[in-house]
Participant: 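My questions all concern the structure below.
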Amino acid sequence: MSWKDKITSLLFGSTAAENVDKELPEEQAHTPPPIESAPEAVPEDPSLLDVPADHPIRQLYSIRQQEAHGLSPIRLCMDEDGTFPPEIIAKEKNRLDASLKNVCASRLRSAKGRSRGKHNKKKPDTEEEPLILDARPWFFLSSDKLYAWMVAFPPIGPGTELSREMIYQELSEHGISFGVDTKLVDRITHERERYFTLYLVARGKPAFDGRNGNIVDYFPRTVERVLEVNEFGQVDYTALNLIYNVEEGQEICRLIRPTEGEPGRTVLDQEVPAKSGKSVPLPKGRNTEISEDGDALVAAIPGHVEFTGRTFQIKPVLDIDGNVDFSTGNIKFVGDVNIKGDVLSGFTVRAMGNIHVGGVIEAGSTVEAGGDLTVVKGILGDGTTVIRASRCIFSKYIENSTIVVRENLQTDCIVNGSIYCDGDVIVRSGRGSIIGGRVWAADKISASAVGAKSECRTSVSLGGLPCTNFERDTIRKELRELKQELERLENQLDSPAKSSLLGKTRMKISVAELKLKQMEEDLNAMKAELKEKDSGRLECSVAYPGTELIFGNEILRLRQEARQCVAKMLCGEIVLM
């Protein structure tokens, strides 16, 4: 029997149900009832306190419900207007629940205890006295005493209803005197849902800590030393300007002073202390000074700004408008050197800072930079040219030169060079070729092509300490030459000049031997660390026959062309991938 038959049978009897089925068409008689859509789930309010059936407040609510009709439901919401900090609600919700259970249980015990006392004292012939409990406002304070909530419990029996005076009296007894919402307190006594409802009756003033001091820099503390390759595979070496010039009195950075903290106030009218912001010192370095108001660091001399890790300092800049030649002589400068022309053959340029060469470094020159070296048009040597840099080197090309660089080297082409690099050698822009000579990098060599189709010998070494080994070999060579010089001097006739030269030469030999000994000890101490370190890798688009790969004591000579290869040490062997 369908559901319609059952309903009709109950209302009109089985016969009426059968008649209805006969009168209705077959499709309508067997149409299933419409499915009612489930009510949408209401998202739970995190500020609403859950009150289960066994909560003591439910029993108090039941007692009031028997005495008063139309009682509003229990609502314990900590944030009615939706502006309360959620982290405070999450922190105080459990405390509120525990405190509310205790006060409700205590009120229930008072009610039951008074009822039993009166019941035991009453005489058999007298009527039982009614239970009387006045209304009571109960206050809950947050752990930081910045917020106070109130729940009013209704009277039991003919007790006194909640009044404005009753609330203010309880506020006074609890010491709640700051931030009280007087309008809300006055309104509560006239509201229908004044009982079993949680009200935020007082807000304190939170303390605000002061902001720490800060430094606003007008020059970068970290200089990016990477040249970008354009879509044509070219690099503009003139775009790498590592010298930041300043004038005397120009601001380098400015101090933002810390702010004082703003103390707060609890609802108990107690002060909440606030921390003041911490001050930071201006990074004053060499050739800089602090302004009269103490809020800025300014340049004491014109020069180049550089951040040395903890302070800003000004290095003087030597500008050479033309070439380094007989008009300038050899250059030795404590700051940065900016050469707009070439470094001609046979001349030396040494600087403690950066060196920028707008032209070419010619054969037979010596250039040593304490910082970065940028050569816009390239280095053209003759086998005797020596270039050193304590940081990075950027050059259009390198030919027949010895390069010693402590960090990274980037160029378009290396031809018959002797390269010693403690970082990465990047030869990807322009031709991107390494042809002939030896390139030794501690970490990585990345090139478009290694070797040449003519199978000229090109040595590629990876891992170890290239610059340290070069310095050791240089000292050994110098020591051999000094000993030869000493032997030559000893074979000369005695003279005052001979004695003077012998003393100086012996002193140089002693200094060189001490340097060599110290260097050998340092290398031996770092052997264990070098074994654990990755021995480096070669990445190239093509490697031609004649290329020699060296990883420590392992050597691999290419007999055929390899394309898109990566070479590295794997399980003690050189592997091409």
Side-chain angles (χ1 to χ4, degrees), residues 222-227 240 242 306 308-309 350-355 361 366-375 379 381 385-395 397-398 401-414 417-428 434 437-447 450 458-478 515-516 518-540 548-554 566-569 574:
T222 303
V223 179
E224 296 292 334
R225 299 181 179 88
V226 178
L227 285 169
L240 186 65
L242 302 177
E306 187 178 66
T308 60
R350 290 186 174 93
M352 293 180 63
N354 302 325
I355 297 177
I361 297 178
T366 300
V367 178
E368 296 181 6
D372 299 306
L373 170 63
T374 304
V375 187
I379 302 171
T385 305
V386 179
I387 308 297
R388 298 170 185 258
S390 297
R391 290 183 184 168
C392 300
I393 291 180
F394 304 90
S395 179
Y397 64 86
I398 297 171
S401 302
T402 299
I403 308 294
V404 183
V405 53
R406 292 289 180 178
E407 293 185 8
N408 300 328
L409 168 65
Q410 184 170 345
T411 183
D412 287 1
C413 181
I414 300 175
S418 297
I419 311 299
Y420 301 87
C421 177
D422 282 349
D424 298 343
V425 175
I426 302 170
V427 193
R428 283 287 185 181
I434 300 175
R438 184 188 187 189
V439 178
W440 187 358
D443 296 332
K444 184 177 72 172
I445 297 175
S446 178
V450 178
T458 304
S459 178
V460 174
S461 301
L462 287 155
L465 297 169
C467 293
T468 305
N469 279 274
F470 173 79
E471 299 293 347
R472 181 185 60 180
D473 294 342
T474 302
I475 293 175
R476 284 177 176 174
K477 181 181 177 181
E478 180 185 349
K515 286 183 179 179
L516 184 60
Q518 184 64 45
M519 198 166 290
E520 294 284 359
E521 291 177 355
D522 293 342
L523 284 171
N524 291 331
M526 287 186 284
K527 279 184 178 178
E529 182 181 347
L530 291 174
K531 287 181 181 179
E532 296 177 358
K533 183 182 175 183
D534 188 3
S535 58
R537 58 191 282 145
L538 166 67
E539 299 175 358
C540 63
E548 185 178 68
L549 304 181
I550 303 173
F551 288 79
N553 297 324
E554 296 293 323
V566 175
K568 62 182 299 184
M569 285 290 289
I574 302 175

Participant: For the CE atom on Met519, are there more than 12 heavy atoms of other groups (residues, nucleotides or ligands in this structure) within a distance under 6.0 Å?
Facilitator: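 Yes - once you tally the heavy atoms of other residues, nucleotides and ligands closer than 6.0 Å, there are more than 12.
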Participant: Kindly say whether Val386 contributes a backbone atom to a donor-acceptor pair with the side chain of Thr402 at under 3.5 angstrom?
Facilitator: no
Participant: Report the distance from atom CD1 of Ile398 to atom CD1 of Ile379, rounding to the nearest 0.5 Å.
Facilitator: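 Ile398 CD1 to Ile379 CD1: 4.5 Å, rounded to 0.5 Å.
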Participant: If you define the side chain from C-beta out and look only at heavy atoms, does anything of Val425 sit under 4.5 Å from Lys444?
Facilitator: no
Participant: Salt bridge (charged side-chain N to carboxylate O under 4.0 Å, His left out) with Arg472: which residues, sequence neighbours excluded?
Facilitator: Glu520
Participant: Provide the closest heavy-atom pair for Ser390 versus Gly370 in the form atom of the first, atom of the second, distance.
Facilitator: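 Taking every non-hydrogen atom into account, CB-O, 3.2 Å.
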Participant: Between Arg388, Lys477, Lys515, which is the residue that forms a salt bridge (Lys or Arg N to Asp or Glu O under 4.0 Å) with Glu471?
Facilitator: Arg388
Participant: Please name all residues satisfying side-chain hydrogen bond (donor to acceptor under 3.5 Å, both in side chains) with Thr474, sequence neighbours left out, ordered by chain then number.
Facilitator: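 Testing Thr474 for side-chain hydrogen bond (donor to acceptor under 3.5 Å, both in side chains), a comparison that skips the adjacent residues, returns none.
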Participant: Can you list every salt bridge (Lys or Arg N to Asp or Glu O under 4.0 Å) pair that touches residues 458-467, not counting sequence neighbours?
Facilitator: none
Participant: Salt bridge between Glu407 and Arg391, side-chain N to carboxylate O under 4.0 Å?
Facilitator: no
Participant: Go through the structure and list residues passing side-chain hydrogen bond (donor to acceptor under 3.5 Å, both in side chains) with Thr385, not counting sequence neighbours.
Facilitator: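 Residues passing side-chain hydrogen bond (donor to acceptor under 3.5 Å, both in side chains) with Thr385: none at all.
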Participant: Taking all atoms of both residues into account, what is the closest heavy-atom pair of Asp422 and Arg406, and its distance?
Facilitator: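 Nearest pair, atom of Asp422 first, then Arg406: CB-O, 3.2 Å.
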Participant: Could you grab the distance from atom CD1 of Ile574 to atom CG of Leu549, nearest 0.5 Å is fine?
Facilitator: 6.0 Å
Participant: Arg476 versus Asp473: any side-chain heavy-atom pair under 4.5 Å?
Facilitator: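 Yes, at least one pair of side-chain atoms sits under 4.5 Å.
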Participant: Test of understanding: with side-chain contact (heavy atoms from CB on, under 4.5 Å), list the residues that count as partners of Arg438, not counting sequence neighbours.
Facilitator: Trp440, Ser459, Ser461
Participant: Let me confirm one number: the CZ-CG distance from Phe394 to Leu373, rounded to the nearest 0.5 Å.
Facilitator: 9.5 Å
Participant: Can you name the salt bridge (charged side-chain N to carboxylate O under 4.0 Å, His left out) partners of Glu548, sequence neighbours left out?
Facilitator: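 Partners of Glu548 by the salt bridge (charged side-chain N to carboxylate O under 4.0 Å, His left out) criterion, ordered by chain and then number, come out as Arg457, Arg557.
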Participant: Hey, are the side chains of Ile434 and Ile419 touching, using non-hydrogen atoms and a 4.5 Å cut-off?
Facilitator: no
Participant: Could you tell me which residues satisfy side-chain contact (heavy atoms from CB on, under 4.5 Å) with Asn408, sequence neighbours excluded, listed by chain and number?
Facilitator: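 Partners of Asn408 by the side-chain contact (heavy atoms from CB on, under 4.5 Å) criterion, ordered by chain and then number, come out as Cys392, Asp424.
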Participant: Tell me, please, which residues at least two apart from Arg428 pass salt bridge (charged side-chain N to carboxylate O under 4.0 Å, His left out).
Facilitator: none
Participant: Closest approach of Ala441 and Gly423, non-hydrogen atoms and distance?
Facilitator: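 It is CB-O, 3.9 Å.
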Participant: For residues Ala389 and Gly371, report the shortest heavy-atom separation together with the two atoms involved.
Facilitator: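 That closest heavy-atom pairing would be CB-O, 3.9 Å.
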Participant: Quick one: are Val375 and Val367 in side-chain contact, heavy atoms under 4.5 Å?
Facilitator: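 They are not in side-chain contact.
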Participant: For the residue pair Pro466 and Cys421, what are the closest heavy atoms and their distance?
Facilitator: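 For Pro466 and Cys421, the tightest heavy-atom pair comes out as CG-O, 3.2 Å.
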Participant: Rounded to the nearest 0.5 Å, how far does OG of Ser395 lie from CD1 of Ile361?
Facilitator: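 Answer for the CD1-OG pair, Ile361 versus Ser395, is 7.0 Å.
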Participant: Got a sec, which residues hit salt bridge (charged side-chain N to carboxylate O under 4.0 Å, His left out) with Glu554, two or more places apart in sequence or on another chain?
Facilitator: none
Participant: If you measure from CD on Glu539 to NZ on Lys568, what distance do you get to the nearest 0.5 Å?
Facilitator: 9.5 Å
Participant: If you compare all heavy atoms of Leu538 against all heavy atoms of Leu462, which two are closest, and at what distance to 0.1 Å?
Facilitator: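 Closest approach of Leu538 to Leu462: N-CD1, 3.6 Å.
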Participant: Checking Phe551 now: which residues fulfil ring-ring contact (aromatic ring centres under 6.0 Å, His included) with it, not counting sequence neighbours?
Facilitator: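 Applying ring-ring contact (aromatic ring centres under 6.0 Å, His included) to Phe551 gives none.
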Participant: Rounded at 0.5 Å granularity, tell me how far CD1 in Ile393 sits from CG in Leu409.
Facilitator: 6.0 Å
